[in-house]
Number of protein chains: 2
Amino acid sequence: MRVNTPVDFGLLIRQARKARGMTQQQLARSAAVGRQWIVEIEAGKRRAELGKVMQTLAALDLTLSIRGEGIPETRKSEVPIEAIDLQAVLDAHRRTSR
Amino acid sequence: MRVNTPVDFGLLIRQARKARGMTQQQLARSAAVGRQWIVEIEAGKRRAELGKVMQTLAALDLTLSIRGEGIPETRKSEVPIEAIDLQAVLDAHRRTSR
DNA sequence: TTGATTTGTCGCCGCTCGCCTACATTAGCT
DNA sequence: AGCTAATGTAGGCGAGCGGCGACAAATCAA
């Protein structure tokens, strides 16, 4: 999902945290930040430290990506989208739907 | 491209800036930050303000997105990936390859 | 409702940010 | 080489961060 503002970050972090059934306290420990900081980032703090934000995303197992002119789609080390065997998909479909 | 650390942010911002032929001064003005700040973020400053980072990405026309468990692929307002007419693709393929 | 957990808010305080000006260094020209 | 623009660095400054402990308020379960 696209992220345009610090408020978006807050909402998504909170959403992911709840989806994992974590409390602010647990997330704070896991991300090595204060609980207070979690409260603030979830509220959309603009002046939050970039590094802590990324620690938090990592603690939630979330990945961040940038796209735009002049930025390659992936890095060498990144795993590209898995190739799809269209033929197999179509065969399977024919077998089940008729 | 995936972004895991503040250093990644720096490299990508610099890369995008150069791809647009902008100087640090120009980017700084466009993003409403100090030139000094651009120097630091490009060097991978961990404690940079989240808000300014996003202003800068916006000034470079870069988009940020988050992915992971519990985070929807897109927001209502976001434009989904364009649907592909597989039939047309296959037809075209057959026409050219045989 | 009651009790317990979770979340939000407050004040304090050391530390660092980010802007500014000015200077040093490096790149990119002809 | 020589000049100019661009980039990196330094010191100083006000402002705000983020951690802490302690409370309030809200949420949830039985």
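We name chains A, B, ... by the order of the sequence lines, and we start the count at 1 in each one.
Partners of B:R29 under the side chain to side chain donor-acceptor pair (under 3.5 Å) rule, at least two apart in sequence or in another chain, do not exist in this structure. Remark: A:R47 pairs with B:E49 by the side chain to side chain donor-acceptor pair (under 3.5 Å) rule, at least two apart or across chains. In terms of the side chain to side chain donor-acceptor pair (under 3.5 Å) criterion, residue partners of B:E40 (sequence neighbours excluded) are, by chain and number, B:Q36, B:K45. Residues satisfying the side chain to side chain donor-acceptor pair (under 3.5 Å) test with B:Q26, not counting sequence neighbours, are none.
The distance from atom CD1 of A:I38 to atom C1' of C:dG8 is 14 Å, rounded to the nearest whole Å. Taking atom CD of residue A:E40 and atom P of nucleotide C:dT9, one finds them 9 Å apart after rounding to whole Å. In this structure, the CD atom of A:Q36 is 10 Å from the P atom of C:dC10, given to the nearest Å.
For the helix from C:dT1-D:dA30 to C:dT30-D:dA1, the angle separating the two terminal helix axes comes to 70°, with each axis derived from five pairs and the value rounded to 10°.
Taking CG of A:L50 as the start and CE of B:M54 as the end, the distance is 10.0 Å to the nearest 0.5 Å. Atoms CG and OG, from A:D8 and B:S65 in turn, are 11.5 Å apart once rounded to the nearest 0.5 Å.
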Please list each protein N or O that sits under 3.5 Å from an N or O in nucleotides 22-27 of chain C, with the distance.
none

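Two residues are said to be in side-chain contact when any heavy atoms from C-beta on lie closer than 4.5 Å; A:T56 and A:L62 fail this criterion. The shortest side-chain heavy-atom distance between A:T74 and B:R2 does not fall under the 4.5 Å cut-off.
A single hydrophobic cluster is not seen to contain both A:L60 and A:V39; linkage of ILVMFWY side chains at heavy-atom distances under 4.5 Å, directly or through other members, places them apart. Transitive grouping of hydrophobic side chains (ILVMFWY, heavy atoms separated by less than 4.5 Å) brings B:V3 and A:I71 into a common cluster. Connection of B:F9 to B:M1 is established within a shared hydrophobic cluster, with ILVMFWY side chains joined at heavy-atom distances below 4.5 Å, either directly or through further cluster members.
A:V7 shares a hydrophobic cluster with A:L11; the chain of contacts runs through ILVMFWY side chains whose heavy atoms sit under 4.5 Å apart.
If you check every strand for non-hydrogen atoms under 4.0 Å, A:R14 touches sugar and phosphate atoms only.
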TODO: Assess whether side-chain contact (heavy atoms from CB on, under 4.5 Å) is satisfied between A:L27 and A:I13, documenting all intermediate values.
DONE: CA-CA 10 Å; A:L27 176 56; A:I13 286 177; 4.2 Å; yes
Open item on the list: Checking A:L57 against A:T63 for the side-chain contact (heavy atoms from CB on, under 4.5 Å) test, could you report, in this order, the C-alpha distance in whole Å, the side-chain angles of both residues, the deciding distance, and whether it holds?
Closed with: CA-CA 7 Å; A:L57 294 182; A:T63 67; over 6 Å; no
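Within residues 47-56 of chain A, no residue has any heavy atom under 4.0 Å from DNA chain C. Residues from residues 16-27 of chain B with heavy atoms under 4.0 angstrom of DNA chain D, sorted by number: B:R17, B:T23, B:Q24.
Bracketed by its first and final contacts, the part of DNA chain D lying under 4.0 Å from non-hydrogen atoms of chain B reaches from D:dA6 to D:dT9 in 5' to 3' order.
For residues 9-22 of chain A, the side-chain hydrogen bond (donor to acceptor under 3.5 Å, both in side chains) pairs, not counting sequence neighbours, are A:R14-A:E42, A:R17-A:E42.
Each of B:K45 and A:E42 lies near DNA chain C, and the nucleotide nearest A:E42 is the one positioned closer to the 5' end.
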